[in-house]
Amino acid sequence: MTEQIQPVRGMNDVLPEEMAIWQAIETSARELLSGYGYREIRVPVVERTELFRRAIGEHTDVVAKEMYTFVDQGGESLTLRPEGTAGVMRAILSNGMLRGQRHKLWCAGPMFRHERPQKGRYRQFHQISVEAVGFGGPDIDVELIALCARLWRRLGLQRVRLEINSLGTAESRRLYRDRLVEYLRAHRDQLDADSQRRLDGNPLRVLDSKNPQMRALIDAAPVLTEHLDAESREHFQAVCRALEALGIPFRVNPRLVRGLDYYSRTVFEWITDALGAQDAVCSGGRYDGLIAQLGGEPTPGIGFAMGLERLVALLTQSGPIAAPAAVDVYIVTSGPRAEAFGLEMVERLRDALPNRRFELNLGGGNFKTQFRRADRSGALLAVILGDDELERGVAALKPLRRETGQSESPLSALAAAIDTALAAAAAQT
Ligand code: ATP
Ligand code: MG
């Protein structure tokens, strides 16, 4: 036998039986986003490598180690998107959408990062990312967080909590960065290899280290929130006050820095204690400098991205979501004439009952086989069409989920009979 082709490591199939949970999340998110005035935008999965270098930052883990970058046949360096924000900002600029206008947008799809695959961490994963561009005040920060909180409520997610912090402006962060580097240099011998590397390129990320041996050193480091500029401090206080007023619990985590360079001021993460080490289900923050960095008019922005695989894992833990049956009606045929007529009849039924789902038995088979298939399809009702029924101009209706007898309907009134029988069957389940 020919050898089978293996899937790519860290890239998953989402199987039909897992789909109910995915769709529950996607549908709730889509409805909620529309209810807050966000519009969907779709951007390519592939962008010029330069976009991510410039937006995310050369010294971030994502750009330095994790991007799927390749040179295409035309000799251009392209990259599979590792996150959604850069592409959406690029699209806003490419399409001339800015011009003093404000935008509330969302975008969903697969992202690619060459990380070490493990539970909750994959090389292809899915995000819904939400972006608000042209809004500078703390109100939008709060509204975005409230939107997340409402989504968790709607989905019945309980074990998620909010952490927030402020990174200040680029300027105040530079000042803090100098203080931090000074401190870390003084303790260079205590830094692990990862932190040594970050010290030169991206010292703030040292604070993000998950190595317990770094804990004490990090706890004693200068605190970013104490070095904020006055405006950022005010902005942050306004966010905290409004969250309190809305009754959204949060914890200020002064060590929360986020992995991408473009963030400024408010950053936040929704964390869970139910998934082990991969504990962030949704993260985001302000990126006031990003659009200018990409060559646009200086425009404030803020956004977040939720990781769908982690949300799916959380929801799966908290109990199954009933998957809807694939079809409502299974059509059993017997005899050559009935088989041929079946194709025609089911198309007519689809015309008459566009909201009902039909599966016609394909490929023949005896009654036993066909009823086994009917059972597996999840249908509530079987419609049986044999050559002798056809002769008499009728079809038989048999409820599949209860022990009620079979009935007959003239073909001319079949659609109405099916509708009635389905309604009766649904009322009894
Ligand atoms: P982490 O700290 O877990 O690496 P991150 O800070 O790199 O996350 P972001 O870039 O902010 O994550 O992406 C937003 C969300 O996307 C995360 O909160 C997480 O839920 C999800 N996510 C990020 N990377 C992965 C991955 N490799 N596999 C699955 N989900 C991911
Ligand atoms: Mg990461």
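Numbering of ligands and ligand atoms starts at 1, following listing order.
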Would you give the length of the straight line joining atom CG of Leu33 to atom CD of Glu40, rounded to the nearest 0.5 angstrom?
9.5 Å

Atom 8 (O) of ligand 1 [closest protein heavy-atom partner, distance rounded to 0.1 Å]
Arg310 NH1, 4.4 Å

For residues 145-155, which side-chain N or O atoms pair as donor and acceptor with protein atoms under 3.5 Å away, sequence neighbours left out?
{"unit_1": "Arg150", "atom_1": "NE", "unit_2": "Tyr36", "atom_2": "OH", "d": "3.1"}

Which residue and heavy atom of the protein sit nearest atom 6 (O) of ligand 1, plus the separation
Arg258 NH1, 3.1 Å

So, Tyr287 and Glu131: side-chain donor and acceptor under 3.5 Å apart, yes or no?
yes

Would you check if there is a donor-acceptor pair between the side chains of Arg286 and Thr266 at a distance under 3.5 Å?
no

Below 4.5 Å, heavy atoms only, C-beta onward: do Val88 and Trp106 meet side chain to side chain?
no

For Arg350, does the CZ atom have more than 12 heavy-atom neighbours from other residues, nucleotides or ligands under 6.0 Å away?
yes

protein heavy-atom neighbour closest to atom 20 (O) of ligand 1 works out as Ala280 O, 2.8 Å

Write out the residue and atom name of the closest protein heavy atom to atom 17 (C) of ligand 1, then the distance separating them to 0.1 Å.
Ser283 OG, 3.6 Å

Whether Glu226 and Arg179 form a salt bridge (side-chain N of Lys/Arg under 4.0 Å from carboxylate O of Asp/Glu) is what I want to check.
no

With a 4.0 Å heavy-atom cut-off (strictly under), which part of Met111 contacts ligand 1: side chain, backbone, both or neither?
neither

Of the listed options (Arg113, Glu269, Gln127), which comes nearest to atom 12 (O) of ligand 1 when hydrogens are ignored and any heavy atom counts?
Arg113

Considering heavy atoms of the protein only, find what lies nearest to atom 22 (N) of ligand 1 and give residue, atom and distance to 0.1 Å.
Phe125 CE1, 3.5 Å

For atom 2 (O) of ligand 1, what is the closest protein heavy atom, and at what distance to 0.1 Å?
Lys210 NZ, 3.9 Å

Please determine whether a side-chain nitrogen of the Lys or Arg among Arg401 and Asp375 lies less than 4.0 Å from a carboxylate oxygen of the Asp or Glu.
yes

Under 4.0 Å from ligand 1, counting heavy atoms only, is it the side chain of Arg121, its backbone, both or neither?
both

In the protein, what heavy atom is nearest to atom 28 (N) of ligand 1, and what distance, to one decimal place, separates them?
Tyr122 N, 3.0 Å

Less than 3.5 Å apart, any donor N or O on the side chain of Ser264 or Thr169 sitting next to an acceptor on the other?
no

Which atoms of ligand 1 have any heavy atom of Val281 under 4.0 Å away?
18 (O), 20 (O)

Among non-hydrogen protein atoms, atom 27 (N) of ligand 1 lies closest to Glu115 OE2, 2.6 Å

Please identify which atoms of ligand 1 are closer than 4.0 Å to at least one heavy atom of Gly120.
28 (N), 29 (C), 30 (N)

